[in-house]
Amino acid sequence: MKTAIIGGGAAGFFLAVNLKEMMPEMEVTIFERAQRVLTKVEVSGGGRCNCTNSFEDVTDLRMVYPRGHRLMKRLFNVFDYQSAFAWFEHHGVPLITQDNQCVFPAAQDSHAIINCFLTLARRHQVQICLGRKIQSLDALQDYDFIAVTTGGSPKGEGLRWLADLGHEIEQPVPSLFTFQVADKSLTALMGTVVGQTTVMIPGTKLHASGPLLITHWGMSGPAILKLSSYAARLLAEKEYKLPVSVRWTTARDSDIENILHETMRVHSSKQLPTFNPFGLPQRLWAFLMTRSLADRWEVRWHELGKKDVNRIVNILCNDTYQISGRGTFKDEFVTCGGISLKSVNPSTLESKLVPRLFFAGEVLDVDGVTGGFNFQAAWTTAYTVASAIVSKLS
Ligand SMILES: Cc1cc2nc3c(=O)[nH]c(=O)nc-3n(C[C@H](O)[C@H](O)[C@H](O)COP(=O)(O)OP(=O)(O)OC[C@H]3O[C@@H](n4cnc5c(N)ncnc54)[C@H](O)[C@@H]3O)c2cc1C
């Protein structure tokens with residue numbers, strides 16, 4: 001029995017070594033178009049590979065898998081993050097979980113994972129054919145099973161041959177990117193970090209919370225990356241030209257008003273920009289006061305009128321900027337879209353159109369936010385395919 005795996009990335013290797021461990025007599029060949037394998041694993045997580053997450057803060061998989069949360073829930077019954085954690089440790093890669101729930105190799109080096117895969121592939125005699133771009137099944141007639149693990153294809157060209165076989169394709173668009181904002185007065189605050197914000201696309205329910213970083217091109221940080229993932233499709237449709245609204249504080253609207261009134265009473269003679277009751281970075285606070293009160297921004301607290309208070313509340317809760325384009329995020333970038341989940345059996349990931357053809361990894365319409373969720377999807381889907389191939393033979 002022979003299995004061909006198209007793509008020598010995270011999902012391809014995980015599938016190959018698991019299939020060999022489950023069924024040593026299976027001949028497994030990985031076809032990789034490039035001259036090197038596992039290149040994304042190498043650069044992932046800033047070279048440290050954030051290979052999974054403890055999921056401790058995840059109460060609903062929709063939070064971390066904007067596409068594919070139902071499929072992941074189903075497949076986690078068989079191979080979840082705990083299984084992945086145990087798998088790596090069992091195969092000689094000790095892991096550590098950071099305070100933010102992200103899991104990395106204890107060696108803090110993605111080569112720990114790469115070496116593990118390469119050693120196991122060698123031990124199990126997995127054939128690796130480099131420089132072999134596969135875009136049809138014709139060259140693989142000799143194989144009993146074929147698994148496509150070609151990863152994301154943001155421009156969609158890598159999916160055309162799979163569409164020609166009858167698979168439905170969810171239009172691929174980028175996910176996990178930063179926002180360009182043309183407003184120079186905001187970008188002048190580059191380097192400013194606000195620990196807890198909520199960012200949203202006005203007029204929609206799309207929102208995300210977390211730290212926000214002001215950069216020289218616009219906005220970045222976990223809150224923005226998450227929003228870019230939730231709103232990936234809408235942003236692409238609108239050509240990355242949409243408003244984004246920032247809530248700069250976690251205080252409730254009514255509490256914000258109370259804090260402002262209290263400050264007006266207790267610190268009445270202080271100038272507005274010099275006394276900041278919300279713990280925001282001082283430069284940002286002064287900037288927000290100019291946005292609220294224009295040239296009156298240096299007034300003293302006791303000089304504020306009712307309308308001024310309303311304007312300040314509004315800016316703190318709903319400060320809107322125009323997104324002017326998409327920036328890239330240097331550490332992570334994934335594709336939203338790919339092979340539609342309607343075209344695969346959700347328990348085995350076998351194609352509903354071509355028997356014995358399977359899909360795993362980012363080629364599927366499954367993608368997650370930052371934090372190790374994308375690799376976890378690759379491990380889970382690859383393990384599912386390995387098990388499904390073995391069950392077909394038993
Ligand atoms: C810079 C960066 C950092 C990242 N960091 C993290 C992180 O820390 N944590 C996390 O969870 N996720 C991270 N990701 C996302 C993660 O890398 C991917 O989700 C994951 O690699 C997907 O695995 P895959 O095997 O499906 O695809 P890939 O790892 O992309 O592998 C696909 C392979 O298929 C090959 N291929 C494509 N087409 C063909 C073809 N026609 N014939 C033959 N070979 C083909 C490609 O050359 C490639 O080697 C990061 C992504 C990037 C770009």
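Just so you know, these numbers come straight off a predicted model, no measurement behind them. Remember, it's 1-based here, ligands and their atoms both numbered in the order they're listed. Only this structure's heavy atoms are used, side chains among them; waters, hydrogens and symmetry mates stay out.
- Near Gly7, meaning under 4.0 Å from any of its heavy atoms, are these atoms of ligand 1: 33 (C), 34 (O), 35 (C), 44 (N).
- Close approach of ligand 1 to Thr149 (heavy-atom distance below 4.0 Å) involves ligand atoms 32 (C), 33 (C), 34 (O).
- Residue Thr39 does not touch ligand 1, judged by heavy-atom distances below 4.0 Å.
- Shown in contact with Ala10 at under 4.0 Å from a heavy atom are these atoms of ligand 1, numbered in order with element: 23 (O), 25 (O), 29 (O).
- Ligand 1 has no N or O atom lying under 3.5 Å from any N or O atom of Gln135, backbone or side chain.
- Using a 4.0 angstrom heavy-atom cutoff, Gly372 counts as in contact with ligand 1.
- Side chain of Thr197 to main chain of Pro211: no donor-acceptor pair is present (N/O by atom type, distance under 3.5 Å, no hydrogens or angles).
- Taking a cut-off of under 4.0 Å to the non-hydrogen atoms of Phe373, the atoms of ligand 1 that pass are 11 (O).
- No N or O atom of Ala34 sits closer than 3.5 Å to an N or O atom of ligand 1.
- Residues Met72 and Ala377 come closest through the heavy atom pair CE-CA, 3.6 Å.
- Within 6.0 Å of NZ on Lys155 lie no more than 12 heavy atoms contributed by other residues, nucleotides or ligands.
- Of all the heavy atoms of Lys40, the ones lying under 4.0 Å from any atom of ligand 1 belong exclusively to the side chain.
- More than 12 non-hydrogen atoms from other residues, nucleotides or ligands lie less than 6.0 angstrom from CZ of Arg48.
- At a threshold of 4.5 Å between non-hydrogen side-chain atoms, the residues Ile389 and Met26 count as touching.
- Considering all non-hydrogen atoms of both residues, Arg291 and Asp183 come closest at NH1-OD2, 3.7 Å.
- Put simply, part of Arg132 is less than 4.0 Å from ligand 1, judged by heavy atoms.
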